[in-house]
Asker: 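First, the structure itself, so that you have it in front of you.
Quick note on labels: first sequence line is chain A, next is B, and so on, each numbered from 1. What you see below is based on every heavy atom in this structure, not just the backbone, and it leaves out hydrogens, waters and symmetry mates.
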6 protein chains.
Amino acid sequence: MPALLDMRIAEETVRRALQEDLGTGDVTTLLTVPEGVEVTGEFLAGQSGVLAGMPVAERVFHLLDPRVRVEPLVKEGQYFVSGTVLAEVRGEARALLMGERVALNFLQRLSGIATLTARFVEMVRGLPVRICDTRKTTPGLRYLERYAVRVGGGYNHRFGLYDAVLIKDNHLAVCGSVAEAVQRVRRALPHTMRIEVECTTLQQVQEALDAGADILLLDNMSLDVLQEAVRLAKGRAFLEASGGVCLENVRQIAETGVEAISIGALTHSAPAIDIKLEFR
Amino acid sequence: MPALLDMRIAEETVRRALQEDLGTGDVTTLLTVPEGVEVTGEFLAGQSGVLAGMPVAERVFHLLDPRVRVEPLVKEGQYFVSGTVLAEVRGEARALLMGERVALNFLQRLSGIATLTARFVEMVRGLPVRICDTRKTTPGLRYLERYAVRVGGGYNHRFGLYDAVLIKDNHLAVCGSVAEAVQRVRRALPHTMRIEVECTTLQQVQEALDAGADILLLDNMSLDVLQEAVRLAKGRAFLEASGGVCLENVRQIAETGVEAISIGALTHSAPAIDIKLEFR
Amino acid sequence: MPALLDMRIAEETVRRALQEDLGTGDVTTLLTVPEGVEVTGEFLAGQSGVLAGMPVAERVFHLLDPRVRVEPLVKEGQYFVSGTVLAEVRGEARALLMGERVALNFLQRLSGIATLTARFVEMVRGLPVRICDTRKTTPGLRYLERYAVRVGGGYNHRFGLYDAVLIKDNHLAVCGSVAEAVQRVRRALPHTMRIEVECTTLQQVQEALDAGADILLLDNMSLDVLQEAVRLAKGRAFLEASGGVCLENVRQIAETGVEAISIGALTHSAPAIDIKLEFR
Amino acid sequence: MPALLDMRIAEETVRRALQEDLGTGDVTTLLTVPEGVEVTGEFLAGQSGVLAGMPVAERVFHLLDPRVRVEPLVKEGQYFVSGTVLAEVRGEARALLMGERVALNFLQRLSGIATLTARFVEMVRGLPVRICDTRKTTPGLRYLERYAVRVGGGYNHRFGLYDAVLIKDNHLAVCGSVAEAVQRVRRALPHTMRIEVECTTLQQVQEALDAGADILLLDNMSLDVLQEAVRLAKGRAFLEASGGVCLENVRQIAETGVEAISIGALTHSAPAIDIKLEFR
Amino acid sequence: MPALLDMRIAEETVRRALQEDLGTGDVTTLLTVPEGVEVTGEFLAGQSGVLAGMPVAERVFHLLDPRVRVEPLVKEGQYFVSGTVLAEVRGEARALLMGERVALNFLQRLSGIATLTARFVEMVRGLPVRICDTRKTTPGLRYLERYAVRVGGGYNHRFGLYDAVLIKDNHLAVCGSVAEAVQRVRRALPHTMRIEVECTTLQQVQEALDAGADILLLDNMSLDVLQEAVRLAKGRAFLEASGGVCLENVRQIAETGVEAISIGALTHSAPAIDIKLEFR
Amino acid sequence: MPALLDMRIAEETVRRALQEDLGTGDVTTLLTVPEGVEVTGEFLAGQSGVLAGMPVAERVFHLLDPRVRVEPLVKEGQYFVSGTVLAEVRGEARALLMGERVALNFLQRLSGIATLTARFVEMVRGLPVRICDTRKTTPGLRYLERYAVRVGGGYNHRFGLYDAVLIKDNHLAVCGSVAEAVQRVRRALPHTMRIEVECTTLQQVQEALDAGADILLLDNMSLDVLQEAVRLAKGRAFLEASGGVCLENVRQIAETGVEAISIGALTHSAPAIDIKLEFR
């Protein structure tokens, strides 16, 4: 099933991005390009990557002029090489010129995330493990960046602080024991929510299991300790590894038997993919 | 003079970022951490870089609880090494836990941009040239990302489509000649605004000069052509180079005599700097 | 632990309620009451109930004038009888008069919900079962109404469509089998989320268990069938009953061994509690 | 003439209600129901009542997908019995599933209010008296709840604090005499506005008449006193009774000759009418 | 009693005006004026007039910096001559420079309206008639412009289309007879609202009286006809004249015995009063 | 080329103006005019002037009902005499009645500004000088008022504090010398922005030229001094005159050789043009 994108939810973000760039109006376009000129442009890849965000780019143009037509030539999630025409855009020249930069800013960033995600996913191919995102997203773009992760073959973690429990070191620093923390949470939490506990030592793993945590976040463990943690906990809780994950070590981490690996870099450090809009 | 940040303008962005993460409330913190517990945390650098965004991080906490105190130990724009404590944060544990991730998301990204900018600035040290940003910013974060560029020693280009004219290839594709485009614009533009014209050939440079452009954007020219363009135009228009700029070639480009070099990567591809918040 | 209310999240709702009532200004108060008159008022109960919403009432006045002081004499969640003074309010007469009705509208509704919830909770006293709310809340007031349910001793279900999965009859009507539906969801769902399946027959219970549902919503079953469902499923999934629950039958339902009973009437049909503001 | 509803004014309320429920997206529907499946559903009454709010329900679906069609089978304001199909809804399954609960939440509440109002109206049938609402409405829903009152055959009082004057006990507690209060108001009030004065004793009735009040709110008077007040004031001011009104005593109150009876319970305590959406 | 201004209602307007002018920041001030410089400025009148809007100007500065102090030397509604210092402003130079123009734009316009209103009021001195505003206000500024009219000694008409009924020629063109229109309205209108009917002939005056209109708007009548209308209607309805009113004829119109004269020019054509902010 | 108006930018202003007037609904129209009645109205000029704002009026109606048709009979910027039908409006009577006043409020004000601007432009006909607006606009209407100035044949100055530098007396009062101020600004300003300096004496003119200002604002100079300033500065900076400009002296000012004359009165004191909407 293709990754799902509800543009109703993303539209406000697109609208704000347009407003940020357009301000009181695109002086260059309004003064050089007359109304009523129809043009065709091509989204052209300047490097290889995995496409994500064409429906967002389309919405950028639609907010400027609902008659603009975007015809994708490459599907969301598909790999492309440099020189590929990703989509054709047809419509009023003014709308295309006004929306060009904003559309590209979304497209380049989201494709960058999808591309990096796909590389991680590729590294663990064949292993029963999920590559996951984190909350280390760009302020204001979380919904879209999570979408890009899914497009790249990855999975999402919780959306924010409100839709799952994750008890971390700083909570425990205040709250005291894992047991105490989990117990307090379980007593009041809706039965529809899961509890995850961050563990950095095997002792914490044991405590979290005893406390009845649903998910363990095995944070920054060496491969040895990770292995041992998996041995201890597998089948009793869902196991997620994180911390210091890179393309070089992700397969080894996956081979310990964890069920998910979460990687902040997917969203906070993916370089943009070079894409241009060229008028024919 | 230090780079200027008007938090009144950035506050809405901070507010939305908090709302995105907090949604209907931080279930973990509310259920594990009682009201009224005071803690002290440290922003700790996990790698070296140039600091940008501490006032933004501070505002994150202030929106949650105006009594939180952030004491910077490193100044905006200062270089730091891994292991440095960048600031101390003191206040209600709940506010610190709820704001931690959002504060870090801003801090890591803005410091990433300042750090990359500073590296480019360092490469052209001693030469009379500005390192500039572009409109290739993250949707919704342009004001803050431009600030981070200044913190790193760079300069800003126009903010958006509304505060300066930049006639690009796609405008010319519709409008026809440079002369025609500049003339149309000059006739109607407020006298407070400048006109910049993108040129990819020497012929366009000549045309833009003849048309009376204030600024030339010398786009994707080889060093030879760039040199020639400078010879032709210097003193008659402000000269800005762009396209394919990287740390390796930026000094050579600067040595051609251009007055500004604009680099999209400053904002679209700067990797985040690793920073954590640790409770004492 | 007392029920938790984050007024940051509720404040926008309070602000809108004030604006709805005040419009272009309280003509009566502005024309009859001079600035600078200090008064003391009492929130007086006209019937017995369980208090919920005094912090909301307080925020109403604070938005009008931050100097108003509300001193609660009864705690959130406490039972009171008719004639009880629930709180004292002191401050500028204009602010008290302008906020009175809005404050009461919140207070009466939320106390109504807490009161009805407490009656259900009382009926199942001693049994290991949660009284839960549903999404049958007043449009725009869900956060506050869920708070009132907790104040009354009840528990919350998922907040909305986004923070847990609940596969209902209408989904199955489109999707086909329970097995198919659960499988599709599990394959793509964040590992932090639970899956609940609505079952109206024992066969569906069996299918949902086989499909690996985390929670079963046993909907509108007779006591006999419910009993059988519990026998079949207890320990393999979390069991929640719903449909046609009233004060008369809630204990019998609880005695079947379900772990939660969800009741729409808590929020959609709780009558307001009679409370007044009287000036001394 | 049917009751009037301007959906332009109500739309923001509908939009917010959808956002509250949908948050970052309906995970269940998106994961179980493919795009492009058309279904037909029926709004089915689970009990008898008076219908109000179908245009609001329709707008809920239209905001999700403008192609959804709602065909009412029962008119706004019409009485229906349990088992009646109130309307048919046709369209994309996803839109119907996402909007179902929000549509029902509006429909059940508004029909509840219309139903209760109609019962009061029925009790005073044949008498020249209006059944009126008050400002005791649900925060944020006043426009729609007032509409539901009209649908049920009732009348509206002032919308809020800004569109008519109502001098109440708490104003008089500060301002002093009725004469003084009315005089101050009259001197500054736009000539398009009416002045109403709350009276609890016959002496206040006399004072308010002498002061030239346009409307008297006869509050919480016994039937005897009310009778006397009517004798005193009828023809000199518009007379409205309120306080302690219920289905049992409303006709007696009406028979005293008052011209309007205002009842808070219409909006603050009307139980929801049981309505479901069932897919064919 | 001084004219009443609720800055809570006006604040959003002030906030938007600041945002309109400040955009992404005051480049001049930020680059020329360091933080922390305290200055004192004077609002200086360049011509005579009646002051209105100083609390609005004060709010402009407070939104930029709550520490700015504005000390009025002339009261709202007071007449001043050219050269008068209207108020002193003290605070951070940056805040004063950023807010100066917006503060003046409000102050000059509102004082312009108050001044023009006061001239009309002066012309009818001693006669029992109100000088009233209309809905011919500047889009977005109605609340403040109505305030300025009161400051100048005038009175307000209805705020908008929602708080009183005014049946005009275009309504009658569709609806048919006055009798029909008034009857339809009366049947459904809240009892707290008044009905006004526009009349341009004596026949319409008679019809409106017969229909029971509360207020007659005698529009564009010659003095003779107006006189006759007053004779016909005085005591049976409140009488308001409008149309073609100017300083030259306002007293004659007033002498016909109408109770109010409404004048669009008060808000749509009052020239701004010349006021400056000068730093000491 | 006709003056440019981007209704996307103006739409929010129109929406707010409608909301201000409509509030909770147009009681008169809803109660007197049935749904479904089609009418035709004419915008009729009550005096001569220059038309501006018909697309804004059209948007007012479209926001109420997208089926309303406005057919302009006079073009934006065209001169008309009293009695001219400016446009025909056809559509649902309710929409026309609800939007009439707001549409007229925009149309009358914008045409007032265009008319006054055109008179100034006429006075300097044949001279190479621009008539410019200032930031002395109505709070919230700057975008539209600047459009009206262009329609009248004038030019725009900077939009706000953010899109050009203008160093004024109050900046210099804090900053010290012109040289210092310009230098500080130039060092940090984007190269796309111009620097303007306000000068009231010839010495300041000399200093500003020496400092390298791009534009000089020659403020409140006598014709003699202005002449001398032009002699000194022409060709070295763009020259703009302002202060005390009126229809009587504008040509003399223009004849000094300045390139622009900026006039606050264009937007702050243009009287509204009398326009009505009459139903056929």
Asker: D:Arg109 versus chain C, heavy atoms under 4.5 Å apart: side chain, backbone, both or neither?
Answerer: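 Contact with chain C involves the side chain of D:Arg109 alone.
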Asker: Residues in side chain to side chain contact (heavy atoms under 4.5 Å, CB included) with C:Gln183, at least two apart?
Answerer: C:Glu180, C:Arg187
Asker: For D:Arg119, look at atom CZ and say whether over 12 heavy atoms of other residues, nucleotides or ligands are found less than 6.0 Å away.
Answerer: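 No.
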Asker: Can you name the nearest heavy-atom pair linking C:Thr138 to D:Glu20, along with the distance?
Answerer: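 Where C:Thr138 meets D:Glu20 most closely, the heavy atoms are O-OE1, 4.1 Å.
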Asker: Between D:Pro271, D:Pro139, D:Cys175, D:Ala93, which residue shows the highest count of heavy-atom pairs closer than 4.5 Å to chain C?
Answerer: D:Pro139
Asker: So what's closer than 4.5 Å to chain C heavy atoms on D:Val27: side chain, backbone, both or neither?
Answerer: both
Asker: Could you check which of D:Met98, D:Arg280, D:Met193, D:Arg135 has the highest count of heavy-atom pairs closer than 4.5 Å to chain C?
Answerer: D:Arg135
Asker: What are the two closest non-hydrogen atoms of C:Ala188 and D:Leu31, and how far apart are they?
Answerer: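 Result for this residue pair: CB-CD2, 3.6 Å.
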Asker: Kindly indicate whether the side chain of D:Thr28, heavy atoms from C-beta on, has any atom under 4.5 Å from the side chain of C:Val185.
Answerer: no
Asker: Let me know if D:Val37 has heavy atoms under 4.5 Å from chain C in its side chain, its backbone, both or neither.
Answerer: side chain
Asker: Only pairs of heavy atoms separated by less than 4.5 Å count here; which of C:Glu196, C:Gln108, C:His171 has the most with chain D?
Answerer: C:His171
Asker: Assess whether atom CD of C:Glu42 is packed by more than 12 heavy atoms of other residues, nucleotides or ligands within 6.0 Å.
Answerer: yes
Asker: So which residue, D:Thr137, D:Asp169, D:Thr13, ends up with the most heavy-atom pairs under 4.5 Å with chain C?
Answerer: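 The option with the most such pairs is D:Thr137.
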Asker: At a heavy-atom distance under 4.5 Å, which candidate from D:Gly41, D:Pro190, D:Gly140, D:Gly112 has the highest pair count against chain C?
Answerer: D:Gly140
Asker: Just so I understand: if I count every heavy-atom pair under 4.5 Å between each of C:Thr29, C:Val14, C:Leu18 and chain D, which residue has the most?
Answerer: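 Ranked by heavy-atom pairs under 4.5 Å with chain D, first place is C:Thr29.
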Asker: Check each atom of D:Ala181 against the heavy atoms of chain C and say whether the ones under 4.5 Å are side chain, backbone, both or neither.
Answerer: both
Asker: Counting only non-hydrogen atoms closer than 4.5 Å, can you tell me which residues of residues 158-168 of chain C sit against chain D?
Answerer: C:Arg158, C:Phe159, C:Gly160, C:Leu161, C:Tyr162, C:Ala164, C:Val165, C:Leu166, C:Ile167
Asker: Is the count of non-hydrogen atoms from other residues, nucleotides or ligands lying under 6.0 Å from C:Gln47 atom CD greater than 12?
Answerer: yes
Asker: Looking only at atom types and distance, does a side-chain atom of D:Asn170 sit under 3.5 Å from a main-chain N or O of C:Glu100, one as donor and one as acceptor?
Answerer: no
Asker: In the structure I gave you, are the side-chain heavy atoms of D:Asp21 and C:Arg142 within less than 4.5 Å of one another anywhere?
Answerer: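 With C-beta onward as the side chain, the pair touches.
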Asker: What are the two closest non-hydrogen atoms of C:Thr32 and D:Arg184, and how far apart are they?
Answerer: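 It is O-NH1, 2.6 Å.
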Asker: Just so I understand: if I count every heavy-atom pair under 4.5 Å between each of C:Val182, C:Leu96, C:Val33 and chain D, which residue has the most?
Answerer: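 Of C:Val182, C:Leu96, C:Val33, C:Val33 has the most heavy-atom pairs under 4.5 Å with chain D.
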Asker: Once side chain to side chain contact (heavy atoms under 4.5 Å, CB included) is applied, do any residues pair with C:Ala95, and if so which ones, sequence neighbours excluded?
Answerer: C:Leu64, C:Asp65, C:Val68, C:Glu92
Asker: First locate atom NZ of C:Lys136, then atom CG of D:Leu104, and finally report the distance between them rounded to the nearest 0.5 Å.
Answerer: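 Rounded to the nearest 0.5 Å, the NZ-CG separation comes to 8.0 Å.
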Asker: Could you give all pairs that pass the side chain to side chain donor-acceptor pair (under 3.5 Å) test and reach residues 263-278 of chain C, with sequence neighbours left out?
Answerer: none
Asker: Of the listed residues (D:Ala17, D:Gly25, D:Ala173), which shares the most heavy-atom pairs with chain C below a 4.5 Å separation?
Answerer: D:Gly25
Asker: If you count heavy-atom pairs under 4.5 Å between each of D:Leu141, D:Val39, D:Thr134 and chain C, which one has the most?
Answerer: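 Among D:Leu141, D:Val39, D:Thr134, the one with the most close pairs to chain C is D:Leu141.
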